[in-house]
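Here's the structure, in structure tokens; my notes come after.
Please read these numbers as outputs of a predicted model, since none were measured by experiment. All residue numbers in this chain count up from 1 along the given sequence.
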Amino acid sequence: MGPSNRKGTMRYKIIFLALFFLSKTLCSQELKFENLPYKKNIKENILEGDVFSESKVKSLNSDKNQSLAFSIAGLHPKSCSYALKTLSLYEDYSRFLSFVKESHYDESKKEINFLLSHMLLPYDMLLIFKLPRITTTGVYPFVFEIGILKDLHGNIYVSEYKGRCLFYSTAQWTGPKTGFPNMVFELFSQALSKLSMEVLFRISSSLKH
């Protein structure tokens, strides 16, 4: 390989590394409220205190598989430092949410274990997934490792907005058909997540630290 080819190869490597680190930097940045991927009226409702949750489920491969695209956003009435003192206590969620019958957190594995039971659910569900303890603003990835939603993955974005704490989360999943009709799947995933955030916001706003 001649000197010019080596220089060209090195130049491409440098460009690739620059783009790689740039993408990592952009991905690690906290999400701003203005950049939420929602329509203007939805953002206005969130500013007024509403929680917005959206779940879209589709059938794939001649109804053998399903896909889920989910997002939720809410603006806590208090700062992140205040809100997260309560919201980061995953092991106490069975005290906060009536439909969480059991809640455990393994700090070493960063693993959450929830047993859910609610009229919207077709049966009691055990959710086990990886999520770091959220104690400050930032981007937190999570993944489901077992169960009917195995390999579901997403991120939770936590950032400050005018003295309030913004929570935004997305999740994606594709896998074998769950046995739930698409509409039912959408209903309970959307409704329970919205209810959870509303109740947790209310509790974490009133508890004294």
Side-chain angles (χ1 to χ4, degrees), residues 51 53-57 65-74 76 80-159 165-182 184-207 209:
V51 171
S53 176
E54 184 176 48
S55 183
K56 295 181 180 179
V57 179
N65 289 41
Q66 281 178 306
S67 69
L68 168 70
F70 170 84
S71 74
I72 186 170
H76 196 282
C80 291
S81 61
Y82 187 99
L84 291 173
K85 288 179 181 178
T86 300
L87 298 180
S88 62
L89 302 176
Y90 310 138
E91 56 272 79
D92 288 343
Y93 275 30
S94 58
R95 296 196 299 112
F96 303 151
L97 300 169
S98 61
F99 55 86
V100 178
K101 300 307 177 184
E102 296 180 15
S103 56
H104 308 280
Y105 187 63
D106 188 321
E107 200 78 49
S108 61
K109 295 181 180 178
K110 301 187 186 307
E111 184 178 88
I112 294 176
N113 189 319
F114 287 159
L115 176 63
L116 309 182
S117 180
H118 191 275
M119 60 182 295
L120 287 175
L121 295 172
Y123 53 77
D124 290 359
M125 285 189 178
L126 182 64
L127 293 185
I128 299 177
F129 56 100
K130 298 271 191 179
L131 175 66
R133 195 182 289 278
I134 303 175
T135 58
T136 186
T137 57
V139 183
Y140 297 84
F142 62 91
V143 60
F144 286 25
E145 296 189 322
I146 66 171
I148 61 172
L149 297 180
K150 184 178 183 297
D151 296 328
L152 178 146
H153 62 280
N155 289 298
I156 297 175
Y157 301 82
V158 183
S159 59
C165 196
L166 172 65
F167 291 86
Y168 170 68
S169 180
T170 61
Q172 299 80 38
W173 172 81
T174 299
K177 192 170 178 63
T178 60
F180 307 134
N182 293 348
V184 173
F185 197 173
E186 287 182 353
L187 174 65
F188 73 73
S189 58
Q190 184 171 305
L192 282 184
S193 60
K194 177 178 169 65
L195 176 62
S196 298
M197 185 172 282
E198 290 172 344
V199 173
L200 289 171
F201 275 14
R202 185 168 65 249
I203 291 173
S204 58
S205 297
S206 59
L207 288 179
H209 297 139

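For the atom pair OH of Y168 and CG of N155, the computed distance is 9.5 Å after rounding to the nearest 0.5 Å. For the atom pair NZ (K177) and CG (N65), the distance works out to 9.5 Å, reported to the nearest 0.5 Å. We find the CD-OG distance between E186 and S55 to be 5.5 Å, quoted to the nearest 0.5 Å. Of the inter-residue distances, the one linking H104 atom NE2 with F114 atom CZ reads 10.0 Å to the nearest 0.5 angstrom. Between the CZ atom of F142 and the OG atom of S169 there is a distance of 4.0 Å, given to the nearest 0.5 Å. Once rounded to the nearest 0.5 Å, the distance linking OG1 of T170 with NE2 of H153 reads 8.0 Å.
In this structure the side chain of I112 never reaches within 4.5 angstrom of the side chain of Y93, judged on heavy atoms. For the pair V139 and I156, the minimum side-chain heavy-atom distance is 4.5 Å or more. Under the 4.5 Å side-chain criterion, counting only non-hydrogen atoms from C-beta, F180 is in contact with I148.
For Y90 (side chain) and D106 (main-chain N/O), no donor-acceptor pair under 3.5 Å exists by modelled atom type. E54 contributes no side-chain N or O that, together with a main-chain N or O of S71, makes up a donor-acceptor pair within less than 3.5 Å. Counting only distance, with no hydrogens or angles, the side chain of S206 and the backbone of I203 share a donor-acceptor pair below 3.5 Å.
Closest approach of T178 to W173, counting heavy atoms only: CG2-CH2, 3.7 Å. Contact detail for S53 and S193: the closest heavy-atom pair is OG-OG, 3.0 Å. A pairwise comparison of heavy atoms in C165 and V158 identifies SG-CG1, 3.5 Å as the closest pair. Nearest heavy atom pair, residue Y105 against residue E111, reads CD1-O, 3.2 Å. Contact record, S204 with Y82: O-CE2, 3.1 Å, taken as the closest heavy-atom pair.
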May I have the list of side-chain donor-acceptor pairs in residues 126-135 shorter than 3.5 Å, sequence neighbours left out?
residue, atom, partner, partner atom, Å
K130, NZ, K109, O, 3.1
R133, NE, E107, OE1, 3.2
R133, NE, E107, OE2, 3.3
R133, NH1, S88, O, 2.6
R133, NH1, E91, OE1, 3.0
R133, NH2, E91, OE2, 3.0
R133, NH2, E107, OE1, 2.7

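The only option from L195, V51, L97, T86 that meets the side chain to side chain contact (heavy atoms under 4.5 Å, CB included) definition with L200 turns out to be L97.
By the side chain to side chain donor-acceptor pair (under 3.5 Å) test, D124 pairs with S117, sequence neighbours left out. Residues satisfying the side chain to side chain donor-acceptor pair (under 3.5 Å) test with E102, not counting sequence neighbours, are none.
A salt bridge links E198 with K194: at least one charged nitrogen is closer than 4.0 Å to a carboxylate oxygen.
More than 12 heavy atoms of other residues, nucleotides or ligands sit less than 6.0 Å from atom NZ of K101.
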